[in-house]
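Not measured: the values here are computed from a predicted model.
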There are 2 protein chains.
Amino acid sequence: MSFLDQEMAEEMILLDFWPSMYGMRVRVALAEKGVKYEYKEENKDEKSLILLEMNPIYKKIPVLIHNGKPTCESINIVQYIDEVWSDKVTFLPCDPYEKYQALFWADYVEKLWMEKGGEQQTRKKNYIDSLRMLEEILGDKSYFGGEKIGFVDIALIGICSWFYTYEKFGEFSTEIEAPKIIAWVKRCLQRVSVSKSVAEPLKVYNFALQIRKHYGIE
Amino acid sequence: MSFLDQEMAEEMILLDFWPSMYGMRVRVALAEKGVKYEYKEENKDEKSLILLEMNPIYKKIPVLIHNGKPTCESINIVQYIDEVWSDKVTFLPCDPYEKYQALFWADYVEKLWMEKGGEQQTRKKNYIDSLRMLEEILGDKSYFGGEKIGFVDIALIGICSWFYTYEKFGEFSTEIEAPKIIAWVKRCLQRVSVSKSVAEPLKVYNFALQIRKHYGIE
């Protein structure tokens, strides 16, 4: 970084909501790159004017505002962060086929959370099947990308805050169903970039209970 | 291309199905890059062994097989093509923010077709609203990326084969609702890469009628 760059302070604001696994992706990505930012917690019941202005299409967090310019949709934001601070660690491989594979599996992870409706038992089965598929992809590697944390790891990372909630609601043990994923979570949590960015499982569970109560699902 | 590269013939196979707008994206991308490939039509009623082997996760076309290695999910495939044949025209801009914008809008287009279920009138309204939003983004430019065809154009291109079907089923005129999009379609169709890659609107309509009949929607 040149003297001039240092002088021109970058303005970086993250609109986020603490239990959001999409938000966690962005928090981890920024922490891994060592990028400082101002965190603004959104109110779940009333969206802020800045959120509506910066993400008029989806009106959803997370939104990263870099020198006044917004980026939305967490996978896109992480890719943006990776490209802007490319002199430090990189999340996506350079080789086109390896890069394709990382994008493919990040998209697969994205779809894990998109499934809505249908029988609860079917969703639970699909969810566990997906975790097992991800275990196969992880294989004996430390991280999905190999020895270093990468794009797919960051896409999946928020899950560690939600495992406890899923287990309680779905009545299963992730440790039994997908032990390699649990080992991967523990490995990720040893990184300060991760442990400081993700929400506490119990706090997330209490939040989920409140939401259920609010919608009359008990 | 060096003498050695020419000697090492690349094997390129596209598994596709003619009315697929996802397939059309890949066809246009390959045509724009001047990449030759073997086109293999998939049977809609019985998936081929090669499709099941090459895309075990989703079992869907399009799949581009490059020297034996499969790439799946059309947006990812187009990005792969863009990176591998990067010495020719490029679809994604180099600037990280412009690239982010292209990926954001390609994803927006992707979501246009993902909406399923719900009231037909609501879906029609959302679809037309989305086209109008895309008109705003296009503005007075020739293509979404500017003067050259780019990533968002390729993501949206398959729509031109389906407009007629949507209009007949939804009873509306795209020309009236989104005239700039129609002008953009006509501009795209002047390119051989597009006109030779997309399906005939009337043929698509007849195909859609057959599908409706098959599922008892008449």
Ionic contact status for Glu42(A) with Lys47(A), cut-off 4.0 Å: no
Under-4.0 Å salt bridge between Lys148(B) and Asp153(B): no
Test side chain to side chain contact (heavy atoms under 4.5 Å, CB included) applied to Glu147(A) - qualifying residues, sequence neighbours left out: Ser142(A)
ring-ring contact (aromatic ring centres under 6.0 Å, His included) involving Phe144(B) - partner list, sequence neighbours excluded: Trp184(B)
Pair Asp95(A) + Lys99(A), salt bridge at N-O below 4.0 Å: no
Test of ring centre spacing under 6.0 Å for Tyr97(B) and Tyr100(B): yes
Interface residue of largest heavy-atom contact number with chain B, from Val84(A), Thr71(A), Asn76(A), under 4.5 Å: Thr71(A)
List the atom pairs, with distances to 0.1 Å, where a side-chain N or O of residues 23-35 of chain A and a protein N or O form a donor-acceptor pair under 3.5 Å, not counting sequence neighbours.
from, atom 1, to, atom 2, distance (Å)
Arg25(A), NE, Ala155(A), O, 2.8
Arg25(A), NH1, Ser74(A), OG, 2.8
Arg25(A), NH1, Glu110(A), OE1, 2.6
Arg25(A), NH2, Glu110(A), OE1, 3.0
Arg25(A), NH2, Ala155(A), O, 3.1
Arg27(A), NE, Asp16(A), OD2, 2.6
Arg27(A), NH1, Trp18(A), O, 3.4
Arg27(A), NH1, Ser197(A), O, 2.9
Arg27(A), NH2, Asp16(A), OD1, 3.3
Arg27(A), NH2, Asp16(A), OD2, 3.3
Arg27(A), NH2, Phe17(A), O, 3.2
Arg27(A), NH2, Trp18(A), O, 3.2
Glu32(A), OE1, Arg191(A), NH2, 3.2
Glu32(A), OE2, Arg191(A), NE, 2.8
Glu32(A), OE2, Arg191(A), NH2, 3.3
Glu32(A), OE2, Ser193(A), OG, 2.5
Lys33(A), NZ, Asp82(A), O, 3.4
Lys33(A), NZ, Asp82(A), OD1, 2.8
Lys33(A), NZ, Trp85(A), O, 2.8
Lys33(A), NZ, Val89(A), O, 2.4

Side chain, backbone, both or neither of Lys69(B) within contact of chain A (heavy atoms, under 4.5 Å): both
Neighbourhood of chain A inside residues 49-62 of chain B, taking heavy atoms under 4.5 Å as contact: Ile57(B), Tyr58(B)
